[in-house]
Amino acid sequence: MAALCIALRYRLLVGSLRQSPWAVVALVLSVLGALSLLGSSALGAIAIRVLVPELGAHAAVLAGAALTVGLTAIAVLVGTSDPLAPERFSLLPVRVPQLRRGLLAASLLDPWGAVAVLAVAIGLIVWSTSAAALVAGALLLPVAVLTVLLVTRVIADLLARQLASRRARDVMALLLLVAIAAAALGMQSFAAGVGELGDAAPVVADASRVVGWTPLGAVFDVPRAVAAGAWPEAAAKLAIALATVALSWWAWGRMLAERLTNPIVLRGGGRVREGRLLDRLLPATPAGAIAARSIRYRRRDVRHLMNVIAVLIVPAMIAGLQLVADEVPREPIALLPLLMAVVAASMLQIDVAYDSSAFAWHLLAGVRGVDDRAGRLLGTSVVFVPALAITAVLACWAAGRWDVLPASLAVGVGTYGLVGGALLWLGAYLPGEAPPPGSNPLGRGSSGGVQSLAGVALSLPVLGIAGAPFLLPAVAALWIPWLGWVALAAALLIGGLASWLGIRLGGAALDRRGPEVLAQVSKAH
């Protein structure tokens, strides 16, 4: 059974790679990202081992617990969309012990599982300060890996049935997105606070002592206790670690048995009510109808709602990181709408992908490409342009520079119009990826996929060249404030022209490539 599950895992991976060359690019980028993350972790462990060896064992405890929490969050989000979810075996003559061993073996050789194994092995670097700790760490390496994988699977399966409803999945995804942003800001604030104290060792040591007595950190703290000669403490934490593995193994078996005999069935969302106010405010044209639908989706569809939240969170995170760092000047915060505008404009490229197979109605109804492009631009602009203006006001307030408000508005509006126009055209060739409707909003393609990254990368040179007439005066306005008005006038002119060209050229491209775009956005759904 283990060999079968491993073979299924990689056959599914190969099948996804054969669907599109972009899947190969995504895999290569993921591997490079994982190698970069593991490499930086190894370098950090080596630096701790050389510079502050007394801190290594405590850092290993916190890192191991953080690894378990991170993989658990990923497993909870994947949920029943996992290709090897137990429900997919419910009609087969498979016993729970066989399936449990097979899924565990597949998890060990899964990309995230391999990352977990290598990340746990990096702990041997910091434990090498003591021969006893190194031997204990090497002997407990299988227990540590099983702790990470089994705790992850148990918590994910425990929450899977509660997350069967679409509303619960949406709420969980939104909370996780906000939690990620809060964690990033909190880590920066913590680092700044520790930097002010001047010594991180006491803080890290105190935190590891608490975490070391929990099921998440006990196995990672045994080598430190062995090296210190605290044998009763080491024995107690080893007992906690072994009990965690045994209890998780038993609980996972019970949950697998329940999911095999009582499969989890995903449930849809609630009732959708009509709204007529938008229909009165927007023009009674195909473009107006598409814009109204786009605005409604920004509120009703959690996939779009998460994009809106992400657009709002990005400048807040950057501003927060700059505000907590006293040595960083605050004046550049006033230009944060530029970054927000790039993220908001990127949504125009992948907007069709969120329609999935429903985009066929545009083709069957004979909607012109220019109407499609204009409607999507109008719908997103109604949501994001006011947000850009509010962000500009808040950024100038945070920077203490009200005199650069015109420049802040210029970089926001101009960048949104220029990059958005370029991506309206590029979206007809690289429409991006999106999770299927009703599926996990943080699943595959939740950030638009590799095509979205490629689109943003290709639009940045356009921004640097065509946007220079308003970007340069906006930056210079930090020293010569009246240049902000020059930048604003140039931004309105260039942004408007770029948007018009994007609608015309993108619409013509969409008329030619409509069936190809439909095949691409609905291929994986």
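- Among all heavy-atom pairs drawn from V151 and S248, the shortest one is CG2-OG, 3.9 Å.
- Among residues two or more places apart in sequence or in another chain, the ring pair (Phe, Tyr, Trp, His ring centres under 6.0 Å) test is passed with W425 by Y429.
- Shown here for I333 and A398, the closest heavy-atom pair between the two residues is CG2-CB, 4.2 Å.
- Legend: salt bridge (Lys or Arg N to Asp or Glu O under 4.0 Å) pairs involving residues 370-392, not counting sequence neighbours, sorted by first then second residue: D351-R376, D355-R376, R368-D371, D372-R376.
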Tell me, with the steps shown, if V419 and V462 meet side chain to side chain contact (heavy atoms under 4.5 Å, CB included). CA-CA 8 Å; V419 176; V462 177; over 6 Å; no
Enumerate donor-acceptor pairs with a distance under 3.5 Å from any side-chain N or O in residues 99-109 to protein atoms, sequence neighbours excluded.
from: R100; atom 1: NH1; to: W249; atom 2: O; distance (Å): 2.8
from: S107; atom 1: OG; to: L103; atom 2: O; distance (Å): 2.8
from: S107; atom 1: OG; to: R153; atom 2: NH1; distance (Å): 2.9

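- A pairwise comparison of heavy atoms in L518 and S357 identifies CD1-O, 3.9 Å as the closest pair.
- Scanning both residues, A487 and A474, for their nearest heavy atoms gives CB-N, 3.6 Å.
- Among pairs with a residue in residues 409-420, those fulfilling side-chain hydrogen bond (donor to acceptor under 3.5 Å, both in side chains) read T380-Y416, S381-Y416, at least two apart in sequence or across chains.
- With values rounded to the nearest 0.5 angstrom, I465 atom CD1 is found 11.0 Å from L460 atom CG.
- At a threshold of 4.5 Å between non-hydrogen side-chain atoms, the residues L409 and P337 do not count as touching.
- Nearest approach of L463 to F470, heavy atoms of both residues: CD1-CZ, 4.3 Å.
- Sorted by first and then second residue, the salt bridge (Lys or Arg N to Asp or Glu O under 4.0 Å) pairs with a member in residues 380-399 form an empty list; sequence neighbours excluded.
- Proximity of L405 to V393: side-chain heavy atoms (C-beta onward) are separated by under 4.5 Å at one or more points.
- Here the side chains of V352 and H362 are not in contact, with every heavy-atom distance at 4.5 Å or above.
- Taking CD1 of I155 as the start and CE of M255 as the end, the distance is 9.0 Å to the nearest 0.5 Å.
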Contacts under 3.5 angstrom, residues 494-506 side chains, donor-acceptor by atom type, not counting sequence neighbours:
from: S499; atom 1: OG; to: G417; atom 2: O; distance (Å): 3.3
from: S499; atom 1: OG; to: G495; atom 2: O; distance (Å): 2.9

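- Considering only heavy atoms from C-beta on, L394 stays 4.5 Å or farther from L336 through its side chain.
- The OG atom of S294 sits 9.5 Å away from atom CG of L377, with the distance rounded to the nearest 0.5 Å.
- In terms of heavy atoms, V456 sits closest to Q349 at N-OE1, 4.3 Å.
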